[in-house]
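The sequence lines fix the lettering, A, B, ..., with proteins before strands; numbering per chain opens at 1.
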There are 6 protein chains.
Amino acid sequence: MKTFFSDKKLDYDGSALCPLFAYLNHKIHGDSIVSFIGSCDVSLENMIDAEDFVVSAKIKSDLMLHFIVEIFGQNLMTAVSLQRLLVSIAQNILPQKLRRDGDDLYLDNTKGSFKLSVSIASVSAVSAMIHLGLNVKNDGTPVPTCSLQDLGVDAKTFAIELMNKFSEEYVSIVGATQKVHPLN
Amino acid sequence: MKTFFSDKKLDYDGSALCPLFAYLNHKIHGDSIVSFIGSCDVSLENMIDAEDFVVSAKIKSDLMLHFIVEIFGQNLMTAVSLQRLLVSIAQNILPQKLRRDGDDLYLDNTKGSFKLSVSIASVSAVSAMIHLGLNVKNDGTPVPTCSLQDLGVDAKTFAIELMNKFSEEYVSIVGATQKVHPLN
Amino acid sequence: MKTFFSDKKLDYDGSALCPLFAYLNHKIHGDSIVSFIGSCDVSLENMIDAEDFVVSAKIKSDLMLHFIVEIFGQNLMTAVSLQRLLVSIAQNILPQKLRRDGDDLYLDNTKGSFKLSVSIASVSAVSAMIHLGLNVKNDGTPVPTCSLQDLGVDAKTFAIELMNKFSEEYVSIVGATQKVHPLN
Amino acid sequence: MKTFFSDKKLDYDGSALCPLFAYLNHKIHGDSIVSFIGSCDVSLENMIDAEDFVVSAKIKSDLMLHFIVEIFGQNLMTAVSLQRLLVSIAQNILPQKLRRDGDDLYLDNTKGSFKLSVSIASVSAVSAMIHLGLNVKNDGTPVPTCSLQDLGVDAKTFAIELMNKFSEEYVSIVGATQKVHPLN
Amino acid sequence: MKTFFSDKKLDYDGSALCPLFAYLNHKIHGDSIVSFIGSCDVSLENMIDAEDFVVSAKIKSDLMLHFIVEIFGQNLMTAVSLQRLLVSIAQNILPQKLRRDGDDLYLDNTKGSFKLSVSIASVSAVSAMIHLGLNVKNDGTPVPTCSLQDLGVDAKTFAIELMNKFSEEYVSIVGATQKVHPLN
Amino acid sequence: MKTFFSDKKLDYDGSALCPLFAYLNHKIHGDSIVSFIGSCDVSLENMIDAEDFVVSAKIKSDLMLHFIVEIFGQNLMTAVSLQRLLVSIAQNILPQKLRRDGDDLYLDNTKGSFKLSVSIASVSAVSAMIHLGLNVKNDGTPVPTCSLQDLGVDAKTFAIELMNKFSEEYVSIVGATQKVHPLN
């Protein structure tokens, strides 16, 4: 799995969750996780999560760290399982103990519950994809949030560490499917 | 996903990693995670991990807490991804911070690295299965290990919490595959 | 599998055969069969059956009882098999003996062959779907038809019975895939 | 789908539900439904239905009409759906109205409920298979049964009609998967 | 697999690589390979090969022999494997020894390397498709090319031979998946 | 895809066509093609080709060059397509023009048709596998054969070239599935 951090700011409106994003934008071929920083404002038209769509949810933040994962020849069940693992790895890298609830990370304290991230996974006929976005700052978010800034985390450093760990895990998972006898 | 803790001691020799284990032994029908306590001594004949087989690894412990997961209609890539998630959830429940390396949990301290668990996932033509075993005590283990006892964790209480959290996660993952638009 | 009868009239132009129809319109999450009453007039643009498209078939009726089935993680071969089963169950509920020819139901008598239903099944990258429509009246149909009215059948009562029986059958089929040993 | 009635008596002990049965015994290559007459007595060792196995069910009859279906490149969900359709087609051919409950057919009357058939479907890594057996006589059955003899049905004539209708339906189902646009 | 040569000239702009092309245009139902002659000029909008898209490649020729293969219920990995086989069969039919490099055919001589063909394979939720185009003449091509005319090959005769051989191979491949025992 | 030529003679009785052959014997992990030299005598028990089994075919040769391919997470249809491609690549490497008929290579001359090779492909729940054997000499073969010796080909040199070319093709095929847009 290839990893790539793009220093070029890119605002995320949902259209990046599109097959071959890494190839078309960065000539990265094959399974990949790429990362970039930019605002987040997903239009209803690009909202692939029906749960958000039916309530016209605002998926917004003025500055987010984005990850786009693309894996080929895998189904949606695998993609969502890997999405949870990606969020779980992020959780374990962060310096403070956050709570993972499915694909969301929250900082819970006496003042309430503060959402760090948004995420979704879906699939086309050629590949499965994951988007994970973490607030870099809390500006422009429609709900109580926390941010990498609050946690004292540098976005790019974190991005590179998360991409490396996820890529290693992915390679290890693929390897684990290639060393077992079938069951009878 | 059904959960079940069996109070009846069962020694694990690898033969339990067999399609319909939960149904044949506990009349539990469908996707399930079941747990029981017993020794672990996997015979070469039942060793489905070729990595262990080629080095004639000893997969042994006098007392382990075992989990058997079975999911139907899913492939091995999903099963291994879920296995990693299961181990990750276990890691987050435990009172001390352990290190997860793929499907293994280690307690690292100044004296060295102590292995808590063994795990494997494979697949038949009808279902995918996961075995996860955690040392209850350190007796009879062929490598430096730690155990639930060392961590001050009651095996059954832990088993029930892990099964509940994994079952919730599984249901949530399945749900997440049923609410998204396909990508174009 | 969830069942739902919507009392709100909805005219069917083919656009309802779209992933997440039940979720987007009725917040029904997961495998489902929903039913409603309305006219039927499928535009060429929404005609997913190429057999109809190439002959510019009119798929029309002034009043039909519609069923939309959505199942996730299943392929088109399964969906068409289930479609035939759905029509077969409908056939067995109806008070008169109709003839099933694939996914169509006909009333045959000395005056000719009268078509009761239209149906289609297809698949996206996330789900497989079935549409089944039965004439409530014979008005506005382009071929000789019969209708639920002719058969003395109340549309809503029939809809609920068919949805319940199909849902039970579906659950039973899924269950039957989770209790057998693989073949060698 | 090829059809074949074998006039040679063959006692069914479960071992015939084995990939390539039609090819190895009758040189029939590809998707097929074959039929033959013989006793039924499934040994526990060959019992692939765990539901029967856990209760040590007797699957017995002195004379049964057997069907073995084999389809290649299809999954178990499709196979079970087709199994239900096969039983449903059998139900519609029989001269009396029987009740179908999943994959079983019953004759219900004032004296009770009489079971006509047994059936199972499973899958290997190369093909999916269905066994359907209908009592020709009631001798040697462990539960209250009815038989083709009771219904005044000639076994071979019935077999040929059922095989032809199922084969036509199968071809029609495959055809229906090859004429639709994908959904978006 | 059905074969069909259409004598009607059809210019290829990429839009023919669309599910049900053979059915919608020629009422050919099921797995098929069809062939026709016409210019080639693939618009960026219809360019499904991202490798070409990112470099805004010109996929052009004034006169090409085109093949469109459609197979149902198969995945992209199979489709690309079959694409290579199709090109390999073409290579073996041609009177001169060309070099196959993946899905491309080249005539190598002292003057350089001359490209005979373009090809691509992709997949929708209902079918997998292959396009193969061979220059009939060298006019209007953006790179050094050779053509069937150079090789002294009649386009239609060649088309029919290639379609027949590919169709036979495809049937033989499907047959080979239906006569083997599964591995343990 | 890893390639490996084993200098250690190994007689092939069919048992090598077993999941994880390369891993268990040569610690080669993942998709692979391995080659070795040895006699060929496939016992009926290990004969996975039912076509051979039903005629009790002798699959024998005193000295053959063997190839074992294993690919993970792919189905049988892909494996057979790749098998044909493997044979086709072998055909193109050989110094004389042989005829490929499906998965067989023949030398045709005025004296008759001489078979160079045997091949089979099958699948388990974890991987798909191909065996290809080419006569090094003609001794001990049950039908008229030709051999690499006849063709003046050194077995090991040929093996390495074929493995390299097949491995490159495989990587190129996988790459081709990861650079296309889905079709609508």
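For chain D, the nearby part of E/L24 is the side chain; its heavy atoms alone come within less than 4.5 Å.
Interface remark: of the candidates E/P19, E/G175, E/P182, E/G73, E/P182 forms the most heavy-atom pairs closer than 4.5 Å to chain D. Among the candidates E/V180, E/V174, E/L183, the residue making the largest number of heavy-atom pairs closer than 4.5 Å to chain D is E/V180.
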Checking E/F5 against E/L65 for the side-chain contact (heavy atoms from CB on, under 4.5 Å) test, could you report, in this order, the C-alpha distance in whole Å, the side-chain angles of both residues, the deciding distance, and whether it holds?
CA-CA 10 Å; E/F5 184 83; E/L65 173 64; 3.9 Å; yes

Before you tell me yes or no, could you show the steps for D/L116 and D/L94 under side-chain contact (heavy atoms from CB on, under 4.5 Å), namely the whole-Å CA-CA distance, both residues' side-chain angles and the distance that decides it to 0.1 Å?
CA-CA 11 Å; D/L116 177 64; D/L94 291 170; 3.7 Å; yes

List the steps and the verdict of side-chain contact (heavy atoms from CB on, under 4.5 Å) for E/I120 and E/I130.
CA-CA 6 Å; E/I120 192 67; E/I130 303 166; over 6 Å; no

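Shown here for E/L107 and E/C146, the closest heavy-atom pair between the two residues is CB-SG, 3.8 Å.
Put simply, the side chain of E/M1 reaches to within 4.5 Å of the side chain of E/F166, judged on heavy atoms. With a 4.5 Å cut-off on side-chain heavy atoms, E/V126 and E/L20 do not count as touching. With a 4.5 Å cut-off on side-chain heavy atoms, E/V69 and E/L132 do not count as touching.
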Which donor-acceptor pairs lie under 3.5 Å between chain E and chain D?
residue: E/H29; atom: NE2; partner: D/G175; partner atom: O; Å: 2.8
residue: E/G175; atom: O; partner: D/H29; partner atom: NE2; Å: 2.8

